[in-house]
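When a residue number appears, it is its place in the shown sequence, counting from 1. Worth knowing before you read on, the calculation uses all heavy atoms, side chains too, and leaves out hydrogens, waters and symmetry mates.
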Amino acid sequence: MTDIFLEGGRALIGAELIETSLLVSGTDIAEMGASRGRAGLAIDARNLLLLPGIVDLHGDAFERQMMPRAGVDFPIDVALADSDRQAISNGITTVFHAATCSWEPGLRSADNARGLMEAIERQRPQFAADIRFHLRHETYNLDAEAEIAQWLAEGRVDLLAFNDHMDGTVADMAKPRKRNRMVERTGLSSEEFDLLVERVISRADEVPASVSRLAASARAAEVRMLSHDDATPAMRHAFRELGARIAEFPINEETARAAASHGDAIVYGAPNVVRGGSHTGWTRASDMIAKGLCSVLASDYYYPAQLLAAFRLAADGVVPLAQAWDLVSASPARATGLTDRGTLAEGRRADILLVDDSVKLRPRLIAVISGGKLVHLTDATRLLTAVAAPREAVVAA
């Protein structure tokens, strides 16, 4: 790998934007305030922001590449390659693909989650981003418990979330439009879907013990856990007792406050900020951020949202840009135990974004460095070297 020199950008260091130059050597940031020296590749970063790469601990937009229309499937390897490019082009250098492992067949089935996990493992060397596996376990999927415990023991799961969408599923069955969408996703007939839901609900009394066993497996494997859509402080407390210290999308302020009072990481969706509210009608993320009740913003279902949300928060005066950027970089890195990234500092992993912020609310990515490699470049006039860079330094430009 060749050294990369970034000349004269406004780097986010701590809570300050500081005019400086950076030197990348190998996979890490080698020097702040550096001179070019013998770096094989140099980029003009003047008038640009230098920001730590985005860490996305919950993103399921890859599902659209797998099934762009109901019943229309594409190969997982193709979908993952496309999702990698989309993530990188939106500044996401660490990606936790949030794969649902549900009791339903089709897109969110256990078979599909297994296939996705295996494809990530096979393709990992080809990705521009650091791709990881976030398993969203539907707690009523009792038949998958043993296999998930094995995956945990084998170190194949990077995050484990406990999801329970059964009440919502039952409620949506009375709404023709939502019901049809669910049925189409599974590939079942309407009658088959009804019978499946009835059979799954009949085992409700087995769910709590299954959740406890899987949480014990995750603790033994040192895999961090999340609880999804906590509805009450009691629910958050129960999952915290199991070791789930990340509250993902608590649905009301009372529950978010209960999480914050115990130092739990609190995740909301960046699309919520960009759109000005939740598409479900639940908690408004920007309000939670203003009250100190959100520590992480995730892409959720839309890869561009994290980059856009950080700049919107700053423009709207909710929090300064440095604090907004913490929500999409340093804080999710801390929550997931990735201590080598999320900030610009010597010795940290070189995940760096070069951003043109000249148009309000519309930040434009000029370049992305991921793990010390230039993987995205939209303005070749920013290249300062007249010598062709060694091939291993530039993945895609």
Side-chain angles (χ1 to χ4, degrees), residues 54-138 140-141 143-144 147-148 151 156-161 163 165 168-169 172 177-189 192-193 196 226 228 248-249 269-271 279-280 298-306 375-376 396:
I54 294 171
V55 177
D56 183 18
L57 64 71
H58 174 124
D60 57 26
F62 66 88
E63 288 186 340
R64 279 198 299 277
Q65 281 69 259
M66 294 174 66
M67 186 180 286
R69 292 184 178 178
V72 179
D73 298 307
F74 278 80
I76 289 179
D77 62 329
V78 173
L80 284 176
D82 187 18
S83 298
D84 177 54
R85 297 311 308 166
Q86 288 192 34
I88 282 292
S89 66
N90 285 290
I92 306 172
T93 51
T94 302
V95 180
F96 287 84
H97 281 321
T100 300
C101 184
S102 179
W103 45 266
E104 63 181 78
L107 180 63
R108 296 186 170 179
S109 66
D111 286 343
N112 216 39
R114 185 188 311 109
L116 184 75
M117 178 183 69
E118 292 171 349
I120 289 172
E121 291 169 348
R122 285 195 306 271
Q123 291 176 247
R124 188 167 277 131
Q126 304 167 23
F127 295 134
D130 181 5
I131 305 292
R132 294 166 181 254
F133 185 59
H134 171 167
L135 182 63
R136 305 178 68 203
H137 170 56
E138 283 291 338
Y140 275 73
N141 188 14
D143 292 337
E147 186 172 22
I148 292 173
W151 294 346
R156 304 176 75 182
V157 177
D158 297 294
L159 290 176
L160 176 65
N163 293 11
H165 290 110
T169 297
D172 287 347
R177 188 174 176 183
K178 290 190 174 182
R179 174 192 171 85
N180 290 341
R181 200 156 42 202
M182 286 192 300
V183 172
E184 287 177 348
R185 190 173 66 203
T186 65
L188 298 174
S189 69
E192 289 170 333
F193 185 75
L196 174 61
L226 313 83
H228 184 78
E248 192 177 52
F249 313 132
H279 70 283
T280 63
S299 77
D300 199 3
Y301 54 87
Y302 191 61
Y303 288 133
Q306 287 172 290
V375 295
H376 182 74

Closest approach of [X] and [Y], non-hydrogen atoms and distance?
X: S299; Y: A305; result: O-CB, 4.5 Å
X: P271; Y: A298; result: CD-O, 3.7 Å
X: A129; Y: I92; result: CB-O, 3.8 Å
X: A87; Y: V95; result: CB-CG2, 3.8 Å
X: I54; Y: N90; result: CD1-O, 3.7 Å
X: C101; Y: A113; result: CB-CB, 4.1 Å

To the nearest 0.5 Å, what is the distance between [atom1] on [X] and [atom2] on [Y]?
X: D77; Y: M66; atom1: CG; atom2: CE; answer: 10.5 Å
X: Y303; Y: S89; atom1: OH; atom2: OG; answer: 10.5 Å
X: E121; Y: F133; atom1: CD; atom2: CZ; answer: 8.5 Å
X: R177; Y: R181; atom1: CZ; atom2: CZ; answer: 6.0 Å
X: N163; Y: E248; atom1: CG; atom2: CD; answer: 6.5 Å
X: D60; Y: R108; atom1: CG; atom2: CZ; answer: 6.0 Å

Keeping [X] on the side-chain end and [Y] on the backbone end, is there a donor-acceptor pair under 3.5 Å?
X: R132; Y: T94; value: no
X: D82; Y: Q65; value: no
X: Q306; Y: A270; value: no
X: N112; Y: L107; value: yes
X: D158; Y: H134; value: no
X: E192; Y: S189; value: yes
X: D111; Y: P105; value: no

Please examine the side chains of [Y] and [X], heavy atoms only from C-beta on, and report whether any two atoms are closer than 4.5 Å.
X: F62; Y: L116; value: yes
X: M117; Y: H97; value: no
X: F249; Y: H228; value: yes
X: L159; Y: L57; value: yes
X: R122; Y: E118; value: yes

Full working for side chain to side chain contact (heavy atoms under 4.5 Å, CB included) between I131 and D84: CA-CA 8 Å; I131 305 292; D84 177 54; 3.9 Å; yes

Side chain to side chain contact (heavy atoms under 4.5 Å, CB included) between R114 and W151, intermediate numbers included: CA-CA 9 Å; R114 185 188 311 109; W151 294 346; 3.8 Å; yes

Option among H137, E138, R136 that satisfies the side-chain hydrogen bond (donor to acceptor under 3.5 Å, both in side chains) test with T100: R136

With side chain to side chain contact (heavy atoms under 4.5 Å, CB included) as the test, would you mind laying out the steps for E104 and T169 before giving the verdict? CA-CA 11 Å; E104 63 181 78; T169 297; 5.8 Å; no

Given the rule in the side chain to side chain contact (heavy atoms under 4.5 Å, CB included) test, do R64 and Y302 qualify, once you have shown the distances and angles that lead to the verdict? CA-CA 10 Å; R64 279 198 299 277; Y302 191 61; 4.2 Å; yes

Could you check whether atom CZ of F127 has more than 12 heavy atoms from other residues, nucleotides or ligands sitting under 6.0 Å from it? yes

